[in-house]
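Below you'll find the structure, written out as structure tokens, and then a few comments.
Whatever order the structure lists them in is the order used to number ligands and atoms, beginning at 1.
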Amino acid sequence: MSVNDEATGQQPAAPYDSAFLKACRREPVPHTPVWFMRQAGRSLPEYRKVREGTAMLESCMRPDLVTEITLQPVRRHGVDAAIYFSDIVVPLKAIGVDLDIKPGVGPVVERPIRSRADLARLRDLTPDDVAYVTEAIGMLTGELGATPLIGFAGAPFTLASYLVEGGPSRNHEHTKALMYGDPELWADLLDRLAEITAAFLKVQIEAGASAVQLFDSWVGALAPADYRRSVLPASRKVFDAVASYGVPRIHFGVGTGELLGILGEAGADVVGVDWRVPLDEAARRVGPGKALQGNLDPAVLFAPREAVEAKTDEVLAAAAGLDGHVFNLGHGVLPTTDPDALTRLVEYVHTRTAV
Ligand SMILES: Cc1c2[nH]c(c1CCC(=O)O)Cc1[nH]c(c(CCC(=O)O)c1C)Cc1[nH]c(c(CCC(=O)O)c1C)Cc1[nH]c(c(C)c1CCC(=O)O)C2
């Protein structure tokens, strides 16, 4: 029996029939589905316990740990989807980029990529490079039963920002210097990253992921014209490469209010929205034919329960007229969030939206 059926004793239906995938396909749902970006991670004591003594990247390569950590938030919160436990830099590590994830800092790249010679170091990703992903997803889909698994990857711009800066960056100055200063090298770098990303998403879908999310977390740093010229072609290439599988494709970035219309053009079926733009306004900007995902401010979870419920009602009211809504936070779960507040939130959204 799968993790979510133990409570009900019901026979699992297929992930295809889940509220999450129905909402992504803009079909009627029994309740608004909920999952949280970064639901698997530091807000959970059981996560900290199993991660003890194992470095982040090493845990991503251990199918037993990946399976356990991915399942933890499904068991605890009853979310409508699992997200595969990994990190956006895992495929880069897999092709030999000398990087590490430093606790409290994020991904750090030993030798940043800033020249044509550096670019030559980014080789193709083959399924054999990430055999542990195929193995872990096989284990996971068995355990998850009817609960869908979301695969993910970092989008070319966000990956490039780590590779070019050499680590996390507030202003992305080296990244933008390359983008404006050597457009040809920039385009080749993003194209290379699009190929690696597409290959990584294909591995996850072929292993059993029911949907994929492309995280372009830092793309909100760009003006719309620069996004259109210098980033959109690479993101579109990723979405096109996985279109034929027919699994929903989600596209998310932070601070993308001014980009929402163009983000829609990259090809996703679902557009993720941070908390700065209400969902009804986001729907006008994205245009018809796409579901939306979001968008409660993750910091709201630090307020008393009544305030969380009031802010959740605002999100649900703005989502009322949408053609497909997946409830999520506007960005990842903050590490010091009370896990019980997340469990209550799932229950609250399910109750308020049950038909
Ligand atoms: C930009 C980005 C990264 N990684 C990711 C993004 C895009 C999402 C976003 O915008 O938040 C994506 C990511 N990273 C992780 C997941 C797991 C799945 C999930 O639960 O969402 C996902 C989807 C695990 C992780 N990735 C990381 C952790 C923390 C490491 C730990 O627990 O020791 C986890 C659980 C490390 C990481 N990796 C990265 C950062 C900024 C950090 C945090 C650094 C820190 O504060 O320690 C790069």
Side-chain angles (χ1 to χ4, degrees), residues 34-62 65-77 79 81-93 97 99-109 133 136-137 140 149-163 165-170 172 175 193 197 200-201 204 209 211-221 250-256 272-275 293-295 298 326 328-337 339 342:
V34 187
W35 71 279
F36 303 119
M37 292 182 278
R38 296 288 180 101
Q39 64 188 17
R42 282 177 297 181
S43 65
L44 300 184
E46 59 269 36
Y47 166 79
R48 293 193 290 267
K49 186 149 179 272
V50 296
R51 271 288 320 281
E52 226 166 78
T54 311
M56 176 64 193
L57 280 172
E58 195 191 327
S59 2
C60 295
M61 295 171 199
R62 292 221 352 229
L65 272 182
V66 169
T67 302
E68 168 58 22
I69 295 171
T70 301
L71 292 174
Q72 285 175 346
V74 181
R75 283 191 204 115
R76 184 191 262 264
H77 304 308
V79 282
I83 178 153
Y84 182 76
F85 181 77
S86 182
D87 192 83
I88 57 168
V89 295
V90 162
L92 300 176
K93 181 79 181 175
V97 176
L99 61 81
D100 199 6
I101 296 180
K102 298 244 156 78
V105 178
V108 176
V109 180
V133 173
I137 292 182
L140 267 169
L149 176 70
I150 304 169
F152 74 90
F157 176 82
T158 292
L159 292 179
S161 89
Y162 284 105
L163 288 172
E165 300 296 332
S169 164
R170 180 183 292 267
H172 308 283
T175 312
L193 292 170
T197 295
F200 190 54
L201 290 177
Q204 296 175 67
V212 287
Q213 176 155 324
L214 192 66
F215 281 97
D216 212 349
S217 301
W218 312 137
V219 80
I250 312 170
H251 197 179
F252 171 78
V254 183
T256 54
V273 182
D274 82 4
W275 63 91
Q293 176 173 280
N295 72 342
V326 175
N328 205 314
L329 303 178
H331 197 187
V333 173
L334 296 165
T336 54
T337 304
L342 291 169

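Using a 4.5 Å cut-off on side-chain heavy atoms (C-beta onward), Val109 and Leu92 make no contact. Using a 4.5 Å cut-off on side-chain heavy atoms (C-beta onward), Leu159 and Ile88 make contact. Two residues are said to be in side-chain contact when any heavy atoms from C-beta on lie closer than 4.5 Å; Leu140 and Thr67 meet this criterion.
Ligand 1 lies less than 4.0 angstrom from a heavy atom belonging to Tyr47. Ligand 1 does not have Arg48 within reach: every non-hydrogen atom of the residue lies 4.0 Å or more from it. A heavy-atom separation below 4.0 Å is found between Trp218 and ligand 1. Within the 4.0 Å heavy-atom shell around ligand 1 one finds His331. Within the 4.0 Å heavy-atom shell around ligand 1 one finds Gly104.
Counting heavy atoms closer than 4.0 Å to ligand 1, residue Tyr84 contributes backbone atoms (N, CA, C, O) but none from C-beta onward. Contacts between Ser86 and ligand 1 below 4.0 angstrom, taking non-hydrogen atoms only, involve the backbone exclusively. Both the backbone and the side chain of Arg38 come within contact range of ligand 1, each with a heavy atom under 4.0 Å. Here Val105 has backbone heavy atoms under 4.0 Å from ligand 1, and that is the only part of it that gets that close.
Looking at residues two or more places apart in sequence or on another chain, you find a side chain to side chain donor-acceptor pair (under 3.5 Å) between Thr175 and Glu165. Partners of Phe252 by ring-ring contact (aromatic ring centres under 6.0 Å, His included), not counting sequence neighbours, listed by chain and number: His331.
For Thr158, no nitrogen or oxygen atom sits less than 3.5 Å from a nitrogen or oxygen atom of ligand 1, counting backbone and side chain alike. At a 3.5 angstrom cut-off on N or O pairs, Phe85 does not count as close to ligand 1.
Of all atoms in ligand 1, numbered sequentially from 1 with element shown, those under 4.0 Å from a heavy atom of Ser217 are 1 (C), 7 (C), 8 (C), 9 (C), 10 (O). Taking every heavy atom of Pro107 and a limit of under 4.0 angstrom, the matching atoms of ligand 1 come to 38 (N), 39 (C), 40 (C), 48 (C). Close contacts of ligand 1 with Phe215, meaning ligand atoms under 4.0 Å from a residue heavy atom, involve 7 (C), 8 (C), 23 (C). Counting the atoms of ligand 1 from 1 in the order shown, those under 4.0 Å from a heavy atom of Tyr162 are 1 (C), 41 (C), 48 (C).
The single protein non-hydrogen atom nearest to atom 36 (C) of ligand 1 is Ile101 CG2, 3.5 Å, given as residue, atom name and distance. The protein heavy-atom contact nearest to atom 22 (C) of ligand 1 is Phe152 CZ, 3.5 Å. Atom 20 (O) of ligand 1 has its closest protein heavy atom at Ala40 N, 2.9 Å. Among protein heavy atoms, the minimum distance from atom 25 (C) of ligand 1 is reached at Met56 CE, 3.3 Å. Regarding atom 14 (N) of ligand 1, its nearest protein heavy-atom neighbour is Asp87 OD1, 3.0 Å.
Although no hydrogens or angles enter the test, the distance criterion places no donor-acceptor pair under 3.5 Å between the side chain of Gln72 and the main chain of Ala40. The backbone N or O of Leu334 lies less than 3.5 Å from a partner atom in the side chain of Thr337, making a donor-acceptor pair. No side-chain donor-acceptor contact under 3.5 Å links Asp216 to the backbone of Gly253. Looking only at distances, a side-chain donor or acceptor of Thr158 sits under 3.5 Å from a matching main-chain atom of Trp218. In this structure, the side chain of Asp87 does not engage the main chain of Cys60 through any donor-acceptor pair within 3.5 Å. A donor-acceptor pair under 3.5 Å is absent between the side-chain atoms of Gln293 and the main chain of Trp35, judged by distance alone.
Leu44 pairs with exactly one of Arg76, Lys49, Arg51 by the side chain to side chain contact (heavy atoms under 4.5 Å, CB included) rule, that one being Arg76.
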> Step by step, would you call Met37 with Gln213 a side chain to side chain contact (heavy atoms under 4.5 Å, CB included)?
Replying inline: CA-CA 10 Å; Met37 292 182 278; Gln213 176 155 324; 3.5 Å; yes

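For atom 45 (C) of ligand 1, the nearest non-hydrogen atom from the set Arg42, Arg51, Lys102 belongs to Arg42.
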